[in-house]
Undergrad: 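The structure's right below; bear with me while I get my questions together.
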Protein chains: 2
Amino acid sequence: MPQRVTLAMVADKAGMSAATVSLVLNNRAKELGISVETQERVRRAAADLHYRCNPVARGLRTKRTGMVGVVLPDLTLSFCADMLQGMEDAAVEAGCGLLVRTCGRDPQREEECLDWLYAKHVDAVLLTSFMPAASLPAIRRLNTAGVPVILAAGDAKHESTLPWIAIDDEAVARMATSHLIGLGHRRIAHFLVNERRLAGYRQALADAGIEYAEKLVIGGFADSLDAALENAAAFFDGPWEGGAITAVYAGYDLQAAALVGVATRRGIPVPSALSVVGTDGLPFAAMTSPPLTTVDLPKRAIGIETLRRAMAWLDGQESWQDRLCPGTLLVRGSSAAPRS
Amino acid sequence: MPQRVTLAMVADKAGMSAATVSLVLNNRAKELGISVETQERVRRAAADLHYRCNPVARGLRTKRTGMVGVVLPDLTLSFCADMLQGMEDAAVEAGCGLLVRTCGRDPQREEECLDWLYAKHVDAVLLTSFMPAASLPAIRRLNTAGVPVILAAGDAKHESTLPWIAIDDEAVARMATSHLIGLGHRRIAHFLVNERRLAGYRQALADAGIEYAEKLVIGGFADSLDAALENAAAFFDGPWEGGAITAVYAGYDLQAAALVGVATRRGIPVPSALSVVGTDGLPFAAMTSPPLTTVDLPKRAIGIETLRRAMAWLDGQESWQDRLCPGTLLVRGSSAAPRS
DNA sequence: TTGAAAGCGCTAACAA
DNA sequence: TTGTTAGCGCTTTCAA
């Protein structure tokens, strides 16, 4: 197991002191007026030896590890995985590493993750949380140590106290609902996700002069296919009333897909007897038959944006531009005009 | 921005030397015979001050960063994301961190990722690669520095030269094909994934005394839905011959789902006119109608296993038990006996 | 324009 | 049984 190449070895080979080598390799030659010849010698030696700065030693001095911590609920959710991929894209660009941790939906584990990242001396933390309130103490601990924590696509409740990048849920829901209204639907049910999507749904109705009816709003958020199928079955057995409702803004793709599946199985043709619109843009939304009309969410873009914000903060540009990201309506086969 | 607590501060508070504190906190008190009272004092002080060892400083001394590098093609693929989640599960258990990097299907980027992790001084690397041959130099560089590289669910070609944990593709394909044969199918097409799955498919046929026909094997691996749909269309226009084939072992869920979709659209009932079996156990496989019969792959388990192997290696247990992991047949709606 | 020296926080010989 | 000492490899004044 041969030694890794150190600064001292490069200095030796170049016949320079380690200090000079360090300066040159960190591109501070210009500002300090180091002779071009010296620079050449140093770079040459470094290249010859394939020198790579040891970030551990550097970190000890500079108090910067070049690593950003990421806390996510679950990589198994394609939403999270996509966002993480975005963060990774931006991390490569920024030259930093991503230290990843998952915590399910457990606030206690979330706090543990944050504390663990604190101990690891990451430079910043990107957090996607359903309830950041619970781990506020850990967040504050990080902040106190100078580590920014940025909320990515998280719950809105703490948007005011923490920097964040989020999905414009209201616009997303409005877009989906308006699409259905534009097709001619008037009685549109909504499967609840959160307050903001509900608000968007209501707004779209209001804009079109359609009266809001509470009984058309269906709760019981499903986080598994089985739960979504049950919700769907209950819907057809109840609120749907054999056709009184001609369209559903399902709020999220899992539920939307379940509705399409159950409808098909019950001989209710989609979209002719019932239009269904989801939200998320998950892969399986394109695989149902008919394929799902949905609002694609910019998961990857949010990841990129969040990482960039963190880097900007570390560079001293505290331009805390919190941001709402829009979605994109993908019109596919599950929505159409109601049959008259 | 208050100082973080250091060992020296704990030593001060406990009225002990830093060395002693270090020893106690690293649980080496017993072996060195440090008095119980001293231990108590030290632990108490550490707890009072909320001391957390600085892994950067420790890393500089011990040459261990407590971080494992992970190189994956793309987190957007649920296969990769699931495996990463497994690695994370095991990493938490092992107390180490995961430094994640993606490289697409680009061998050059793969090599860059490996070199980057080398520079970061990770303790081990877990690699999922379609063609590890290309980055063998980078792998050797890591090995030379004492960093093990373990192949997770990768290509088999280099299984002999690198430690690996892989999917038992042959068994998986045999399982899927045998399921169809068991239902009574004799003319079973296969969409190609790799040599081993093909071998498993052939073996199942041979076991049942069914003759292998090359024209039933269909190439053109699809890595996008569109490509898979095209493949499916071509299949129905060609080899299927209006019903000569009663079943397909599609080799991977994306292709299987596309076949089901296209069949449905063309009025070919699944499974009564055509049975379809996939492999992967991807989320969308449960959302097609009918839901897909598939062989679920133990993505998460592979992730766990790979990380554990890496830790075992670092602990000096070089028990290189390379391992083939089996899949699990999930019988759902897309497969049934052929109508006679 | 370059080098010498100190020290980041920790661990591991070696002393005591 | 505990403390002293000497670095790990790097950056950063300060001095030359």
Side-chain angles (χ1 to χ4, degrees), chain A residues 1-43 45-46 49-66 118-121 123 145-146, chain B residues 1-43 45-46 49-66 118-121 123 145-146:
Chain A
M1 198 189 317
Q3 290 284 94
R4 300 219 192 198
V5 183
T6 70
L7 235 200
M9 295 165 68
V10 177
D12 251 27
K13 171 141 185 160
M16 297 274 120
S17 77
T20 308
V21 174
S22 170
L23 261 15
V24 171
L25 261 27
N26 287 313
N27 296 315
R28 306 194 36 198
K30 262 266 164 53
E31 102 197 40
L32 292 176
I34 288 177
S35 80
V36 179
E37 197 215 349
T38 299
Q39 292 183 45
E40 268 316 310
R41 275 236 300 279
V42 168
R43 287 188 204 289
L49 299 175
H50 294 289
Y51 169 74
R52 310 291 257 116
C53 174
N54 179 338
V56 180
R58 165 185 277 168
L60 189 56
R61 280 277 352 200
T62 61
K63 272 105 178 53
R64 282 283 192 95
T65 53
Y118 172 88
K120 279 285 178 192
H121 289 237
D123 295 339
Chain B
M1 200 189 318
Q3 291 284 94
R4 302 222 190 195
V5 182
T6 71
L7 236 200
M9 296 165 68
V10 176
D12 250 29
K13 172 142 183 157
M16 296 275 121
S17 78
T20 308
V21 174
S22 171
L23 260 14
V24 171
L25 263 26
N26 288 313
N27 297 315
R28 307 194 34 197
K30 263 266 163 55
E31 102 196 44
L32 292 177
I34 288 178
S35 79
V36 180
E37 197 214 350
T38 300
Q39 292 184 46
E40 268 316 309
R41 275 237 300 280
V42 167
R43 287 187 203 288
L49 298 175
H50 294 287
Y51 170 74
R52 309 293 255 115
C53 173
N54 180 339
V56 180
R58 164 185 280 169
L60 190 55
R61 279 279 354 200
T62 60
K63 272 106 178 53
R64 281 284 192 95
T65 53
Y118 172 87
K120 280 286 178 191
H121 289 238
D123 295 339

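Since this is a predicted model, take the numbers as computed values, not measurements. Note: hydrogens, waters and symmetry copies are ignored here, and every other heavy atom, side chains too, is used. A, B, ... follow the sequence lines: proteins, then strands. Residue 1 opens every chain.
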Undergrad: Is the phosphate of dG9(C) approached by Thr6(B) (side-chain N or O, under 4.0 Å from OP1 or OP2)?
TA: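 Checking dG9(C) against Thr6(B), no side-chain N or O comes under 4.0 Å of OP1 or OP2.
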Undergrad: Report yes or no: does Arg41(A) contribute a side-chain atom to a donor-acceptor pair with the main-chain N or O of Ala14(A) at less than 3.5 Å?
TA: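 Yes, the answer is positive, given that a donor and an acceptor are paired below the 3.5 Å cut-off.
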Undergrad: What is the separation between atom CG on Asn54(B) and atom P on dC8(C), rounded to the nearest whole Å?
TA: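 Going from Asn54(B) (CG) to dC8(C) (P), I get 12 Å.
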Undergrad: Kindly say whether Arg64(B) contributes a backbone atom to a donor-acceptor pair with the side chain of Asp123(B) at under 3.5 angstrom?
TA: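 A pair under 3.5 Å: no.
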Undergrad: OP1 or OP2 of dT2(C) versus the side-chain N and O atoms of Thr20(A): is any pair under 4.0 Å?
TA: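 So the side chain of Thr20(A) is outside the cut-off, no N or O lying under 4.0 Å from OP1 or OP2 of dT2(C).
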Undergrad: Given side chains that start at C-beta, do those of Arg58(B) and Asn26(B) come closer than 4.5 Å, heavy atoms only?
TA: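 The answer is yes, as the side chains (C-beta and beyond) meet within the 4.5 Å cut-off.
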Undergrad: Can you identify which nucleotide, out of dT11(C), dT11(D), dG9(D), has its nearest atom closest to the Asn26(A) side chain?
TA: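 Of the options given, the side chain of Asn26(A) lies nearest dT11(D).
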Undergrad: Just compare dT4(D), dT12(D), dT2(C) and give me whichever is closest to any side-chain atom of Ala19(A).
TA: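 Comparing dT4(D), dT12(D), dT2(C) against the side chain of Ala19(A), the answer is dT12(D).
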Undergrad: Is the shortest side-chain heavy-atom distance between His121(A) and Asn54(B) below 4.5 Å?
TA: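 Yes; the side chains approach each other to less than 4.5 Å.
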Undergrad: Could Arg43(A) and Tyr51(A) be counted as a cation-pi pair, given that NZ or CZ must be under 6.0 Å from the ring centre and within 45° of the axis?
TA: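 So Arg43(A) doesn't make the cation-pi contact.
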Undergrad: Among the candidates dC10(D), dT2(C), dC10(C), find the nucleotide nearest to the side-chain atoms of Arg58(B).
TA: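 My answer, after comparing the listed nucleotides, is dC10(C).
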Undergrad: To the nearest Å, give me how far apart CZ (Arg61(B)) and C1' (dG7(C)) are.
TA: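 Rounded to whole Å, this separation is 15 Å.
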Undergrad: In whole angstroms, how far is the C1' atom of dT1(C) from the NZ atom of Lys30(A)?
TA: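 Checked: the NZ to C1' distance equals 15 Å.
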Undergrad: Given atom CZ of Arg64(B) and atom C1' of dC10(C), what is their separation to the nearest angstrom?
TA: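 These atoms are roughly 16 Å apart.
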Undergrad: Any side-chain N or O of Ser17(B) under 4.0 Å from OP1/OP2 of dT4(D)?
TA: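 No, because none of the side-chain N or O atoms of Ser17(B) sits under 4.0 Å from OP1 or OP2 of dT4(D).
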Undergrad: Within this structure, what is the CD-to-P distance between Glu31(A) and dT1(C), rounded to whole angstrom?
TA: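 Taking CD of Glu31(A) and P of dT1(C), I get 14 Å after rounding.
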Undergrad: Toward the 5' end of DNA chain D, which comes first, Ala57(B) or Gly33(B), by nearest nucleotide?
TA: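 The residue whose closest nucleotide sits nearer the 5' end is Gly33(B).
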Undergrad: Among dC10(C), dT1(D), dT1(C), which is the nearest nucleotide to the side chain of Ser35(B)?
TA: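 Nearest to the side chain of Ser35(B) among the choices is dT1(D).
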Undergrad: Whole angstroms only, please: what is the CG-P distance between Leu23(B) and dT11(C)?
TA: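 Result: 9 Å.
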Undergrad: Rounded to whole angstrom units, what separation is found between the OH atom of Tyr51(A) and the P atom of dG9(D)?
TA: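 From Tyr51(A) OH to dG9(D) P: 10 Å.
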Undergrad: Relative to the 5' end of DNA chain D, which residue comes earlier, Val36(B) or Thr62(B), by the nucleotide with the nearest heavy atom?
TA: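 Mapping each residue to its closest nucleotide by heavy atoms, the 5'-most match is Val36(B).
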Undergrad: Nearest to the Lys63(A) side chain among dT2(C), dT2(D), dC8(C), which nucleotide is it?
TA: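 Closest nucleotide among those given: dC8(C).
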Undergrad: Looking at dT1(D), dG3(D), dT12(D), which one has an atom nearest to any side-chain atom of Thr38(B)?
TA: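 Of the candidates, dT1(D) comes closest.
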Undergrad: Whole angstroms only, please: what is the CZ-P distance between Arg28(B) and dT2(D)?
TA: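 Going from CZ in Arg28(B) over to P in dT2(D) covers 15 Å.
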